[in-house]
Number of protein chains: 2
Amino acid sequence: MQKEIELFKAQLRKYNLKVTQQRLKILEAFLKAERHLSCDDLYRMIRRHNSEIGYATVYRTLKIIQKTGLAREVDFGDKISRLEHEYGHKHHDHLICLKCGRFFEVFDPDIELLQEKLARKHKFNPIRHKMDIFGYCRKCSQSINQTQRM
Amino acid sequence: MQKEIELFKAQLRKYNLKVTQQRLKILEAFLKAERHLSCDDLYRMIRRHNSEIGYATVYRTLKIIQKTGLAREVDFGDKISRLEHEYGHKHHDHLICLKCGRFFEVFDPDIELLQEKLARKHKFNPIRHKMDIFGYCRKCSQSINQTQRM
DNA sequence: CTGAAATTGAAAATCATTTTCAATTATACT
DNA sequence: AGTATAATTGAAAATGATTTTCAATTTCAG
Ligand SMILES: [Mn+2]
Ligand SMILES: [Mn+2]
Ligand SMILES: [Zn+2]
Ligand SMILES: [Zn+2]
């Protein structure tokens with residue numbers, strides 16, 4: 001985590017942004033937290049321990065965190081912007097449960113390769129991609145079957 | 001298109017919804033239009049020829065069109081809900097140009113197969129998925145290279 | 001220290017989406 | 001056709017996440 005903090009400070013200086021207590025608190029809260037949180041999630045978390053930080057500051061700091069490559073936006077189709085840790089994390093895709101909302105991070109090198117090929121076939125220069133599979137997780141699949149039986 | 005209209009009417013009756021001129025006008029505009037339009041897009045299009053239809057009606061009718069299986073929502077990551085024709089259209093994924101905003105519909109059966117396998121490997125029951133590859137289309141790739149040369 | 005420039009937080013603005021409600025319309029039934 | 005009733009309509013307001021404004025405060029280079 002120290003590495004991320006130093007990287008963040010370096011990036012701030014690089015862009016003539018100031019290293020403030022608020023920004024550091026917000027970054028630390030983000031790094032410590034479970035992943036995939038919205039601005040509002042993080043704001044509430046911080047509020048519990050420190051009510052001195054405003055929503056706008058959390059919002060703005062999250063934008064900086066994204067720009068510095070420490071976070072990336074994930075989109076679960078509910079129109080809410082959520083962030084996950086990016087630094088030191090490899091690319092992955094998601095399995096998202098339609099019932100309980102839990103998600104699983106997955107990676108398949110064969111799919112990744114075919115995605116590259118597919119793009120090239122269309123003379124398209126791929127930069128990034130997003131693959132989300134929606135369905136029912138093991139637990140929810142079971143409970144759905146049980147419901148149907150009743 | 002007549003087939004879609006009949007299907008729509010049948011669905012309306014099935015759900016005790018009324019067949020109104022507004023609903024039919026909106027459906028026709030949707031079916032005739034280029035794909036991937038937002039509620040606002042469609043509202044503006046309709047307004048050009050018929051200023052008697054309110055935004056709320058377009059909005060509500062689009063919801064019905066989705067429910068009847070004539071449209072599906074596509075998500076290009078800009079938080080705007082857009083619809084594309086669904087009836088008689090096969091599943092496909094998208095290549096989306098980061099520069100000009102154009103998109104290309106693609107389908108790769110090998111990827112689809114691997115997606116199924118990946119889900120199963122995680123005991124996950126897949127229902128639908130979304131795969132979007134963002135990058136630069138052929139034209140934009142060229143113009144970017146030219147810019148860099150200058 | 002000091003001053004210029006950046007930051008902060010409360011509040012307001014924005015913007016797509018969704019709901020409300022009184023007036024209007026579609027439809028089933030005389 | 002006329003009537004009852006239940007659904008629909010459109011303007012306007014509400015919503016909710018996101019983004020901006022601005023006066024007061026803080027950072028930090030010199
Ligand atoms: Mn991937
Ligand atoms: Mn696919
Ligand atoms: Zn589940
Ligand atoms: Zn392009």
Side-chain angles (χ1 to χ4, degrees), chain A residues 5 8-30 36-68 71-83, chain B residues 5 8-30 36-68 71-83:
Chain A
I5 294 173
F8 184 63
K9 286 186 185 171
Q11 291 277 6
L12 288 178
R13 294 197 191 97
K14 181 177 163 191
Y15 291 111
N16 267 328
L17 302 176
K18 289 174 177 168
V19 177
T20 66
Q21 286 311 304
Q22 288 97 326
R23 282 174 178 167
L24 290 176
K25 283 256 174 61
I26 293 164
L27 176 66
E28 283 178 39
F30 172 71
H36 300 114
L37 23 74
S38 65
C39 181
D40 192 61
D41 291 339
L42 193 58
Y43 172 67
R44 286 164 189 276
M45 284 183 49
I46 289 169
R47 266 223 144 202
R48 280 190 219 132
H49 305 292
N50 183 339
S51 56
E52 308 298 301
I53 295 181
Y55 187 97
T57 304
V58 176
Y59 168 78
R60 287 182 288 227
T61 303
L62 283 178
K63 290 284 177 198
I64 298 172
I65 291 173
Q66 281 182 73
K67 273 192 197 148
T68 59
R72 74 161 180 161
E73 199 172 351
V74 291
D75 175 10
F76 287 176
D78 61 359
K79 303 266 159 61
I80 292 176
S81 182
R82 293 169 208 283
L83 297 185
Chain B
I5 294 174
F8 184 64
K9 287 185 184 171
Q11 292 277 5
L12 289 178
R13 295 197 190 94
K14 181 177 164 191
Y15 291 111
N16 267 328
L17 302 175
K18 289 174 177 170
V19 177
T20 66
Q21 285 312 303
Q22 288 96 327
R23 283 175 177 166
L24 291 176
K25 283 258 174 61
I26 293 164
L27 176 67
E28 282 178 39
F30 172 71
H36 301 114
L37 24 75
S38 65
C39 181
D40 191 62
D41 292 339
L42 192 58
Y43 172 66
R44 286 163 189 275
M45 284 184 50
I46 289 169
R47 266 224 143 199
R48 279 189 220 133
H49 305 291
N50 182 339
S51 56
E52 307 298 300
I53 295 181
Y55 187 96
T57 304
V58 175
Y59 167 78
R60 288 182 288 228
T61 303
L62 282 178
K63 290 283 179 201
I64 298 171
I65 290 173
Q66 281 183 73
K67 273 191 195 149
T68 59
R72 74 161 181 160
E73 197 172 351
V74 292
D75 174 11
F76 287 175
D78 61 358
K79 303 268 159 57
I80 293 175
S81 181
R82 293 169 208 283
L83 298 185

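Letters A, B, ... are given to chains in the order of the sequence lines, protein chains preceding strands, and every chain is numbered from 1.
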Enquirer: Between A:F76 and A:H36, is any pair of side-chain heavy atoms under 4.5 Å apart?
Expert: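 Of all side-chain heavy-atom pairs linking A:H36 with A:F76, at least one is under 4.5 Å.
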Enquirer: Kindly give the heavy-atom pair with the smallest separation between B:K18 and B:L12, and that separation in Å.
Expert: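 Distance-wise, the nearest heavy atoms are O-CD1, 3.8 Å.
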Enquirer: Contact boundaries of DNA chain D with chain A (under 4.0 Å, heavy atoms), 5' to 3'?
Expert: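 First and last nucleotides in contact are D:dT18 to D:dC28.
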Enquirer: Can you tell me how far apart CG (B:L24) and CD (B:E28) are? Round to the nearest 0.5 Å.
Expert: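 Rounded to the nearest 0.5 Å, the CG-CD separation comes out at 6.5 Å.
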Enquirer: So, using salt bridge (Lys or Arg N to Asp or Glu O under 4.0 Å) as the criterion, who are the partners of A:R72 when residues are at least two apart?
Expert: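 Listed in chain order: A:E84.
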Enquirer: Which pair of heavy atoms, one from B:G77 and one from A:D75, lies closest together, and at what distance?
Expert: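 Looking at all heavy atoms of both residues, the closest pair is CA-OD2, 4.5 Å.
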Enquirer: Please enumerate all residues that pass side-chain contact (heavy atoms from CB on, under 4.5 Å) together with A:T57, with sequence neighbours excluded.
Expert: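 Testing A:T57 for side-chain contact (heavy atoms from CB on, under 4.5 Å), a comparison that skips the adjacent residues, returns A:Q22, A:I26, A:I53, A:R60, A:T61.
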Enquirer: Measuring from atom CD1 of B:I80 to atom CG of B:L37, what distance do you get when rounded to the nearest 0.5 angstrom?
Expert: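 Going from CD1 on B:I80 over to CG on B:L37, the span is 12.0 Å.
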Enquirer: Over all heavy atoms of both residues, which pair between A:C39 and A:L62 is shortest? Give the atoms and the distance, please.
Expert: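 That closest heavy-atom pairing would be CA-CD1, 3.6 Å.
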Enquirer: Can you sort out which residues in residues 22-29 of chain A have a heavy atom within less than 4.0 Å of DNA chain C? Ascending by number, please.
Expert: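 Residues of residues 22-29 of chain A that come under 4.0 Å of DNA chain C are, in numerical order, A:Q22, A:R23.
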Enquirer: Sequence neighbours left out, what passes side-chain contact (heavy atoms from CB on, under 4.5 Å) with B:R47? Give chain and number order.
Expert: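 Partners of B:R47 by the side-chain contact (heavy atoms from CB on, under 4.5 Å) criterion, ordered by chain and then number, come out as B:Y43.
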Enquirer: Once side-chain contact (heavy atoms from CB on, under 4.5 Å) is applied, do any residues pair with A:R13, and if so which ones, sequence neighbours excluded?
Expert: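 Partners of A:R13 under the side-chain contact (heavy atoms from CB on, under 4.5 Å) test: A:K9, A:V19.
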Enquirer: Return the set of residues passing side-chain contact (heavy atoms from CB on, under 4.5 Å) with A:T68 (not counting sequence neighbours), or none when no residue passes.
Expert: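 For A:T68, the residues satisfying side-chain contact (heavy atoms from CB on, under 4.5 Å) (neighbours in sequence not counted) are A:F8, A:Q11, A:I64, A:L70.
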Enquirer: Output all residues satisfying salt bridge (Lys or Arg N to Asp or Glu O under 4.0 Å) with A:E73, sequence neighbours left out; order by chain, then residue number.
Expert: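 Checked A:E73 against salt bridge (Lys or Arg N to Asp or Glu O under 4.0 Å); matches are B:K79.
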Enquirer: My understanding is that only residues two or more places apart in sequence, or in another chain, count here; which of them pass side-chain hydrogen bond (donor to acceptor under 3.5 Å, both in side chains) with B:R23?
Expert: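 side-chain hydrogen bond (donor to acceptor under 3.5 Å, both in side chains) list for B:R23, sorted by chain: empty.
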Enquirer: What is the bend of the helix from C:dC1-D:dG30 to C:dT30-D:dA1 when you compare the axis at one end with the axis at the other, using five pairs each and rounding to 10°?
Expert: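 What I find for the helix from C:dC1-D:dG30 to C:dT30-D:dA1 is an axis angle of 30°.
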Enquirer: Output the residues of residues 9-20 of chain A in contact with DNA chain C, where contact means a heavy atom of the residue under 4.0 Å from an atom of the strand; sort by number or write none.
Expert: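 Listed by number, they are A:N16, A:L17, A:K18, A:T20.
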Enquirer: For the residue pair B:I46 and B:K25, establish whether any side-chain heavy-atom pair is separated by less than 4.5 Å.
Expert: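 No, their side chains stay 4.5 Å or more apart.
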Enquirer: Where do N or O atoms of nucleotides 13-17 of chain C meet protein N or O atoms at under 3.5 Å, pair by pair?
Expert:
unit_1 : atom_1 : unit_2 : atom_2 : d
C:dT17 : OP1    : B:S81  : N      : 2.8

Enquirer: Rounded to the nearest 0.5 Å, how far does CG of B:L42 lie from OH of B:Y59?
Expert: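 Between atom OH of B:Y59 and atom CG of B:L42 there are 14.0 Å.
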